[in-house]
Amino acid sequence: MAAITLVEAVAQALAYEMQHDDSVLILGEDVGINGGVFRATLGLEKRFGKQRVIDMPLDETSIAGITIGLAVQGMKPVCESQFAGFIYPMLEQISCHGARLRSRTRGRLTVPAVWRAPWGGGIHAPEHHSDANEHLFANIPGLRVVLPSSPARAYGLLLAAIRDPDPVIFFEPKRIYRLDKEEVPDDGEALPLDVCFILRDGSDVTLVTWGSQVKETLEAAHALAKEGIHAEVIDVVTLTPIDFDTIATSIAKTKHCVIVHEAPKTAGFGAEIAARVVETCLYDLLAPVERVTGPDTHMPLLRLETKYLPSVERIMDAARRTLAAS
Amino acid sequence: MAAITLVEAVAQALAYEMQHDDSVLILGEDVGINGGVFRATLGLEKRFGKQRVIDMPLDETSIAGITIGLAVQGMKPVCESQFAGFIYPMLEQISCHGARLRSRTRGRLTVPAVWRAPWGGGIHAPEHHSDANEHLFANIPGLRVVLPSSPARAYGLLLAAIRDPDPVIFFEPKRIYRLDKEEVPDDGEALPLDVCFILRDGSDVTLVTWGSQVKETLEAAHALAKEGIHAEVIDVVTLTPIDFDTIATSIAKTKHCVIVHEAPKTAGFGAEIAARVVETCLYDLLAPVERVTGPDTHMPLLRLETKYLPSVERIMDAARRTLAAS
Amino acid sequence: MSVITTFKIEYVQYLDAEGKETRNDLPAFTKDLDHMVALYKSMFSTRVFDAKAVSLQRTGKLGTYPSCLGHEAAHIGIGSAMRAEDVLAPSYRESGIQLYRGVQPREIYLYWGGDERGSDYQHEPARHDFPCAVPIATQCLHAAGSALAFKLRGEKRVAVCTLGDGGTSKGDFYGAINVAGAQNLPLVAVIINNQWAISVPRQKQSGATTLAQKGIAANLYCVQVDGNDLIAVRKTVNDALERARAGKGGSVIEAVTYRLSDHTTVDDARRYRDDREVEEAWTKEPMKRLRHWLLGKGVWDDAKEEAWKNACDRRMEDETMAYLETKTQPVTALFDYTFAQLPVDLARQREDALSREKLHG
Amino acid sequence: MSVITTFKIEYVQYLDAEGKETRNDLPAFTKDLDHMVALYKSMFSTRVFDAKAVSLQRTGKLGTYPSCLGHEAAHIGIGSAMRAEDVLAPSYRESGIQLYRGVQPREIYLYWGGDERGSDYQHEPARHDFPCAVPIATQCLHAAGSALAFKLRGEKRVAVCTLGDGGTSKGDFYGAINVAGAQNLPLVAVIINNQWAISVPRQKQSGATTLAQKGIAANLYCVQVDGNDLIAVRKTVNDALERARAGKGGSVIEAVTYRLSDHTTVDDARRYRDDREVEEAWTKEPMKRLRHWLLGKGVWDDAKEEAWKNACDRRMEDETMAYLETKTQPVTALFDYTFAQLPVDLARQREDALSREKLHG
Ligand SMILES: Cc1ncc(C[n+]2csc(CCOP(=O)(O)OP(=O)(O)O)c2C)c(N)n1
Ligand SMILES: Cc1ncc(C[n+]2csc(CCOP(=O)(O)OP(=O)(O)O)c2C)c(N)n1
Ligand SMILES: [Mg+2]
Ligand SMILES: [Mg+2]
């Protein structure tokens, strides 16, 4: 079995599920013959036909609303927003209907849809292509927000997302689309939604993160270990509904917490983690929680991009600072 | 001088500014002869003409984008979204251009626009009319989010918002549109943006809130006083950019904090306040921070509406709990 | 300069305001006079239902309600042209179509009375229809998505959405017809042009001479029809449905009618529109012309009308009772339909709410 | 059935692919042959600019870049028809129009090289234009808003937006033309139909026979024009601008052309389109036909072309140098254009970033 990248794992999950469930179909811009601008749907049109991999006219509002219509009719649409930065026009449909139809009709109509979107910065993409806007969806009830950070988790969680009877926003950290490879058996085994994944055990500080920042956070943990600081690394993965218990258990052990994400700090999803820490783990904490995030500014064009993104250095500094503070 | 309601204060501020600045104009749905569905623009078309109070075709995307075009051309548009629940289609324009054009052009083009929207629940409105979605805008850089809770603050802050050279989202808590009256001199005096307002001094617990929940929070503080608990009440008012210093100073004194808001809890703006508390005030805190919020569910239709909204009871319970915990 | 393509918009009417036939090629279904009486009765009961809703609101027993007074021909024309297996995605004002498709008056009362169970329609075919959409024009895309599902599965079903004149300005409508045109979907979009979008008159919405011509942007079949003429609406929608069912693609139908009521029960239309315009519109309203036509055919009379009125009144009383007797949902209902299975965190919030409820009520 | 309104779409062309006049009523401006040569030179320098951008990207000196190869007639036609006081809201591919209006090549390179200062155009009239818009069709509404401002202030200015064939599917375009029609705004929307939206061909975007007919939905003046024919574009846009300036309302112009390049430098169009289609498109490309026409008029020759080519090359070398020498902004630039005045909280974040920069670089 060859090792595959994260984006290949996405394609593998899509193919698996299309093969095993006739009601799964893909729609979006350039998802057909082109296989998506990142090749996440590569080869699927050829394999499953134009009836199941549908190139849509260029209107995100339409694509989102049609996805809902398809889902209500019993299909399992996997809808691609070409970039997370172009997902905004989908918001009314997702918030008012996608996430709400079950509640609106007391369960009569449901929306088993997945909205995928390549997410975040770091690939020197043009303006507007690098938004990290997971927070936008995290306050919408009835929606799952999932952000995997490895090929295996991308595969297992995308399967879970498609099979889930409720709508899922599935963000794919495009900076690490092709960064690492791992062997991912194409066995159709889903991974559980709604749980955090502990990627590294540690006793001194809990590093909480998701998406592409998992990479820098793991690197920071590795480097910190050389300094004798043992960091536990938690990949939140499903932002909502959140599994805070895993985080709380870790903090009970480490007494220190650093949260890392790429989106702007204020009202980013890191705030929710920190809030729960102060609500639930206050007596465990020995030092202030730190957030290492993008600043409250727009993602710059490519020349300054790396200055914007949280770095290994910053994560290490924050970890050291929180330990020094206790 | 007659006492006026919050919605009358909005109308008064609009009229004042239109009178004194020719570049101010209003656009939205039903803002003209109808004066808006809440009468916030009542009489303005008659007084200033159809050239300055413009009934737009029914498309929020258009209205938001045209507002940006007007603002770039040197107008000061005040754009109404008829309800906050219908603001979603405006998001792409506001996020990608309204809040970003200054940065995108290094200050060459700017967007001195205000987007007003009646916000929140509690008036037994139909489905979709009661969303409290301030968090959606709070993570967008380059934007101010303002949510006044009294006639005087509505007047002074709306003037400030219109005069501000940057875009402002101005949410109006419609549940208290007509609840209380106060005398608001029509003197064109703006109030400061970017600062919290301390509405009640207290030494035992800091209650942080905004929008219509200011009412219940003040009532809770009043009732708690009878029990010998002295609550300080802070109206955040400008959510972003946040004035956290005022909150931190209060917590340094009271050592206890309860945050109250109407929106769903997870990733609501209360999370940001709580996050800053644990980042900045940890050593002051004697007990966990409490959030009293809407649940992570959709605002229900009217029969269950009051069960959804934070109540005086719940705020009092939370305050008592946090004090008992220390 | 060479002309590369041309378009025209036609107008369809069979009965004038007085119920006189304006052409001599009435569609075949009009021959079945029992059926025509049944359709008239449906229009009538829609009106009784609607008046009851308004009066319930006036007496504090219903929340804000958008009356469909004047839309009866459009509603029953659409409802009767559709087949059971078709799907409807209506806006909030189209109760008449919903009733025709089996939504119970008590359900609509319950919905506007503030209870989500009102959208859990118990009877087919309504049970597979969409609930009414409040965010303007969003339903058009649900219909387009449904139409796409039908096409992909080779089902001979059509998705019908209805929207207002105001709704035609919103991108969702345009997106729906554009996709329908590009993908040849069985979508029928019926614009119920009642001349007003709250206080905004039709001509402020668009410079277009007709709203039907908006469909030219998507190359759909476009027709304008007298929306107060049941026969015209029924026939036109029927043609559009048949085209769609035959794989010939989507349609945009503009049914020209009038909002005889305020926008909703919290609106006062006299603030922004002329009484004379409303009086004038009353002379063209849909019930009268069909009644005259049926009277002329000798299949209807005052006694029948009186009897039917009484039957409708009784029915609406029963429905009202059933509605008013429906107990409010428990506080747990806030939580129980958010996800198929309650996530852990939400289950805790539910527990909290339940214990608070026990404590404080 | 009575016809209530009819529409037609006309097609405008003056020069065929070989530069032969296809009609004998060429517009007056073509008499000024010096001017025609100048326009040809602008098209030419656009192409040189564009090729340079592509090669900068290939050598790692530019980020992703969307080539405008093949759009030159559309660009210079639009640019030369506009007046300085008009305003342009372009999409990302319309560098030629921007250059014509005074944007410097170094600015465009800087922008695609990843520096916001590339959108801080230093020269009028571009200085008052919008920067190019990446989120599809959003610029249409900025143009509509500008047009509204002009109308309200009684200024005789016109707002022009350009968008792609793909862009015509997005609600923003529809919203812009709808408002322009409803409010009679001086808006000219030029669709640069290059047949492709990344990998999606024109016929998948819409069932419409022409994209120009989309303007019928808004009752705008609608024309389809040969987008490879500079004379046709210039004339048609000119007419539309004059109509708008005279208060006669907005237009939708479809300029039919072809994207001779990949979508961007990170795209490989051979994945999804036939080489033969591209070869065929090259036979109709815009430069050749105008060159032939000018050659025929005796005002252009190979020596002049060679000289101009060299001049363009030198210019682009200078511009490239200027671009490459532009130092990256300091880290504080992340913060300094977020608000007119830095809020307290953001000022602290800026301080943090600055001290980290000093520490780690
Ligand atoms: C997206 C959105 N914006 C605004 C509103 C508020 N609103 C409710 S009805 C209405 C007017 C609708 O007019 P029209 O489409 O003609 O339908 P009608 O009410 O006449 O049936 C408006 C603006 C809404 N419900 N949804
Ligand atoms: C809202 C939005 N969605 C998706 C994209 C990604 N995207 C960039 S260009 C493009 C195709 C545009 O095609 P067209 O409008 O024909 O313009 P062209 O590139 O041919 O000039 C797409 C889908 C985007 N930039 N914005
Ligand atoms: Mg209407
Ligand atoms: Mg194109």
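Letters A, B, ... mirror the listed sequences (proteins, then strands); counts begin at 1. Here the structure is a predicted model, which is why all the values come from computation and not from measurement.
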Item to check | salt bridge (charged side-chain N to carboxylate O under 4.0 Å, His left out) between Glu357(D) and Lys307(A), worked out | outcome: CA-CA 9 Å; Glu357(D) 183 78 2; Lys307(A) 304 269 177 197; 2.8 Å; yes
Next on the checklist: Run the salt bridge (charged side-chain N to carboxylate O under 4.0 Å, His left out) test on Asp115(D) and Arg303(A) for me, step by step, so that the C-alpha distance in whole Å, both residues' side-chain angles and the decisive distance to 0.1 Å come before the verdict.
Outcome noted: CA-CA 6 Å; Asp115(D) 189 318; Arg303(A) 278 190 174 188; 3.4 Å; yes
Next on the checklist: Strictly distance-based, threshold 3.5 Å: is any side-chain N or O of Gln349(D) a donor or acceptor partner for the main-chain N or O of Asp296(A)?
Outcome noted: yes
Checklist entry - Does Glu116(D) use its side chain to pair, donor to acceptor, with the backbone of Pro300(A) at less than 3.5 Å? => result no
Item to check | Trp112(D) to Leu302(A) - nearest heavy-atom pair and separation | outcome: O-CD2, 4.2 Å
Checklist entry - For chain D, which of Lys265(A), Glu127(A), His124(A) has the most heavy-atom pairs under 4.5 Å? => result Glu127(A)
Next on the checklist: Between Thr266(A) and chain D, with a heavy-atom cut-off of 4.5 Å, which part of the residue counts as in contact: side chain, backbone, both or neither?
Outcome noted: side chain
Checklist entry - Can a salt bridge be assigned to the pair Lys170(D) and Asp59(A) using a cut-off of 4.0 Å between side-chain N and carboxylate O? => result no
Checklist entry - Which pair of non-hydrogen atoms, one from Pro135(D) and one from His128(A), has the smallest distance, and what is that distance? => result CD-CD2, 3.5 Å
Item to check | Whether Asp30(A) side chain and Ser199(D) backbone form a donor-acceptor pair below 3.5 Å | outcome: yes
Item to check | Check: Met56(A) and Gln205(D) side chains under 4.5 Å, non-hydrogen atoms | outcome: no
Next on the checklist: Would Leu304(A) and Gln329(D) count as a side chain to side chain contact (heavy atoms under 4.5 Å, CB included) here? Give the steps.
Outcome noted: CA-CA 8 Å; Leu304(A) 287 179; Gln329(D) 302 169 95; 4.1 Å; yes
Item to check | CD (Gln341(D)) with more than 12 external heavy atoms under 6.0 Å | outcome: no
Checklist entry - So what's closer than 4.5 Å to chain A heavy atoms on Leu346(D): side chain, backbone, both or neither? => result side chain
